[in-house]
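Heads up: the structure comes next, in structure tokens.
By convention in this document, chain letters (A, B, ...) are assigned in the order of the sequence lines, proteins followed by strands, and residues within each chain are numbered from 1. Here the structure is a predicted model, which means the values were calculated and not measured.
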Protein chains: 2
Amino acid sequence: MTTITEVAQHAGVSVKTVSRVMNNYEHISPKTRDKVRRAMEDLSYAPSSIARQMRMGDSQSIGMLYGDPSGGYQSRLNHAVLKACSDARRYLAVELFEESNPEWRRQVEAFLDRTKVQNLILVPPMCDSAELHMLLQERGIRTVLISPSRQISGSSSIAMDDRLAAFEMTKYFIDLGHNRIGHICGHPGHVASLLRRQGYEEALKNAGIDIDEALILGAGSFFFKDALACAEKMLRMEDRPTAIFAANDEMAAAVIMMANRIGIQVPEDLSVAGFDNTAISQTMWPELTTVAQPFGEIAREAVRLVSDNVKRDLSVSATRVLPHEILYRGSTGPAPEN
Amino acid sequence: MTTITEVAQHAGVSVKTVSRVMNNYEHISPKTRDKVRRAMEDLSYAPSSIARQMRMGDSQSIGMLYGDPSGGYQSRLNHAVLKACSDARRYLAVELFEESNPEWRRQVEAFLDRTKVQNLILVPPMCDSAELHMLLQERGIRTVLISPSRQISGSSSIAMDDRLAAFEMTKYFIDLGHNRIGHICGHPGHVASLLRRQGYEEALKNAGIDIDEALILGAGSFFFKDALACAEKMLRMEDRPTAIFAANDEMAAAVIMMANRIGIQVPEDLSVAGFDNTAISQTMWPELTTVAQPFGEIAREAVRLVSDNVKRDLSVSATRVLPHEILYRGSTGPAPEN
DNA sequence: TTGTATGCGTTATCAA
DNA sequence: TTGATAACGCATACAA
């Protein structure tokens with residue numbers, strides 16, 4: 001293993017100078033800088049993060065509080081962040097967080113003490129807990145939020161354009177000839193539910209289709225189980241929709257499952273689309289047309305922002321919106337002739 | 001933060017003595033030991049793992065190589081290990097591993113260099129790669145294997161009893177009055193497929209039911225997609241089975257999906273059971289009867305074995321078998337009258 | 001603009 | 001059985 005001392009000797013300078021180059025110090029002559037850079041390359045030098053942490057006192061690890069991993073969204077996001085950290089050569093310390101647990105404060109504090117992380121990535125629904133933010137602010141922990149329901153002053157956040165994606169998906173249905181299009185809303189507490197519904201409604205309005213409140217049902221959550229009842233209700237309607245756009249993949253799966261049970265063919269009699277592109281969208285048949293969350297990009301950006309956080313002015317909070325993609329698969333097709 | 005020096009002063013001994021007590025040194029008088037222990041308690045001293053790593057050169061982190069996380073099994077296992085490490089206050093460094101990637105050697109070596117981990121947890125299918133084990137052995141990396149297809153000398157392993165679980169599940173079908181019971185096998189390269197099939201066949205023999213080779217189909221993988229064809233073939237048989245036991249949940253999901261499409265009622269006309277208790281088993285309707293892998297216990301045991309590894313004699317390799325549970329849910333019922 | 005010397009908290013060497 | 005002191009690799013106060 002190469003050390004800073006060896007680099008210094010190889011470059012014919014002092015260790016301090018090497019340190020300066022590594023940390024992008026201001027006052028340094030270009031000549032010395034190049035010399036040092038070359039020496040680092042020659043010796044394929046990599047600074048020891050351990051020693052650095054030792055000296056600096058704080059951990060360089062990134063922390064993440066994550067929720068119930070049984071949901072496909074959490075699961076994909078966790079893996080994406082794990083991979084992004086790995087690629088960025090950063091450690092990730094994770095802790096399961098349940099706000100329903102009355103001990104959560106103590107748990108989070110223990111996590112912080114143990115890991116000494118200064119930077120946290122927060123995903124839904126944790127990123128919307130006011131109490132959690134208070135606690136973190138008290139302790140001076142910086143946070144990066146993924147798809148929060150509202151901005152938190154001092155925290156950067158990353159999101160996709162839920163409204164636009166829902167608009168596009170609905171428009172796709174309309175272009176296929178559908179005009180009775182149902183929507184199953186997700187958890188009312190999360191802004192994504194609202195935005196997706198807005199996108200859906202705007203697309204209808206835009207096409208001159210009247211909004212039929214009977215075709216908009218709220219499951220009260222993002223869960224498969226809760227969506228089953230909505231699906232049954234909608235599919236047993238006298239004049240049932242020819243297409244249903246669910247606010248996430250698990251709920252779309254519930255629609256397909258119910259349609260199959262009732263004997264409605266997908267996509268011949270009914271088109272179904274979801275949102276998120278989680279695992280379940282490909283473990284059904286036909287496969288689900290859905291909106292692909294840019295999980296990889298979101299995670300990479302989060303890690304990048306965490307790294308920037310150190311230098312960033314905390315009074316400013318940036319928000320990045322990342323592009324999504326619509327995946328056209330087998331669960332959608334032209335509206336039935338009638 | 002309390003340091004070792006403060007503890008030494010408080011106890012009236014040298015730092016080295018405190019260090020000795022912490023690391024359970026042999027030659028130390030019980031009196032001094034107690035004195036130091038008390039001092040550590042009084043000051044609620046916790047040794048700095050950073051400084052320790054700095055001194056020792058190696059990382060205390062546990063490493064894990066994981067495969068394609070889109071499968072429910074990998075996903076659950078990853079989370080379980082993450083949680084177990086967190087509970088045991090150990091860091092986990094993870095890396096995505098794909099043996100199909102021709103660069104995998106370099107990738108693993110880079111991971112090892114970067115993280116300096118000495119202990120690795122290996123899950124299927126990585127735990128069965130002879131080449132990977134060679135590489136790790138060369139570098140002196142100790143491993144703990146989860147559900148490997150074969151033992152590796154010097155590595156501990158943890159597994160559940162696949163054969164027994166499959167036996168029990170099949171017996172459950174028989175007790176429900178089924179006598180035409182189909183089986184969909186998983187990836188032939190993994191021993192779990194074989195064991196599950198053996199358990200299935202033994203239960204049949206045990207009940208005096210002849211084994212009908214036509215009712216045993218191999219999907220060639222553990223994937224939903226590949227199981228669809230098997231399911232269709234089996235369900236379109238003239239004398240189709242009244243129950244199907246699939247070697248994992250995703251394949252069971254394919255059976256249910258296909259049954260619904262064909263118009264076969266589950267569980268009235270057809271009982272279906274899976275294996276693993278992954279997320280998909282509860283995002284279908286009816287919910288899937290399945291074998292619950294003891295993910296949590298497996299992960300905890302793995303972390304425990306990794307911690308023991310340091311002291312363990314590497315010429316001995318232990319294997320732990322952990323108890324499973326069968327979850328009876330809505331997808332199974334009595335055999336149809338007829 | 002650059003270099004020297006010191007310390008972060010721990011373990012190891014060697015001597016007592 | 002114990003203790004003084006040197007390392008581990010890096011960053012910084014201070015000096016030049």
Across all chains, not counting sequence neighbours, the salt bridge (charged side-chain N to carboxylate O under 4.0 Å, His left out) partners of A/Lys83 are A/Asp87
Just jot down the salt bridge (charged side-chain N to carboxylate O under 4.0 Å, His left out) partners of A/Glu99, sequence neighbours excluded, or say none.
-> none
To the nearest Å, how far apart are A/Gln53 CD and C/dT10 P?
-> 15 Å
Report yes if a side-chain nitrogen or oxygen of B/Thr17 is closer than 4.0 Å to either non-bridging phosphate oxygen (OP1 or OP2) of D/dT2; otherwise report no.
-> no
Could B/Arg106 and B/Glu109 be called an ion pair, given the rule that one side-chain N must be under 4.0 Å from one carboxylate O?
-> no
Please report, rounded to the nearest Å, how far the P atom of C/dT10 is from the CD atom of B/Gln9.
-> 13 Å
Salt bridge (Lys or Arg N to Asp or Glu O under 4.0 Å) partners of residues 47-57 of chain A, not counting sequence neighbours, each pair once | none
Classify every nucleotide of nucleotides 8-16 of chain D by which part a protein heavy atom approaches to under 4.0 Å, writing B for the base, S for the sugar-phosphate alone and - for neither, in 5'-to-3' order.
-> BBBBBB---
N/O (side chain, A/Ser29) to phosphate O (OP1/OP2, C/dT1) under 4.0 Å = no
Gap between atoms CZ and P, on A/Arg33 and C/dT2 respectively (whole Å) | 10 Å
Residues at least two apart in sequence or cross-chain that pass salt bridge (charged side-chain N to carboxylate O under 4.0 Å, His left out) with A/Glu301, listed by chain then number, are A/Arg304, A/Arg320
For B/Thr32 and D/dT1, is the shortest distance between a side-chain N/O and OP1 or OP2 below 4.0 Å?
-> no
Residues at least two apart in sequence or cross-chain that pass ring pair (Phe, Tyr, Trp, His ring centres under 6.0 Å) with A/Tyr45, listed by chain then number, are none
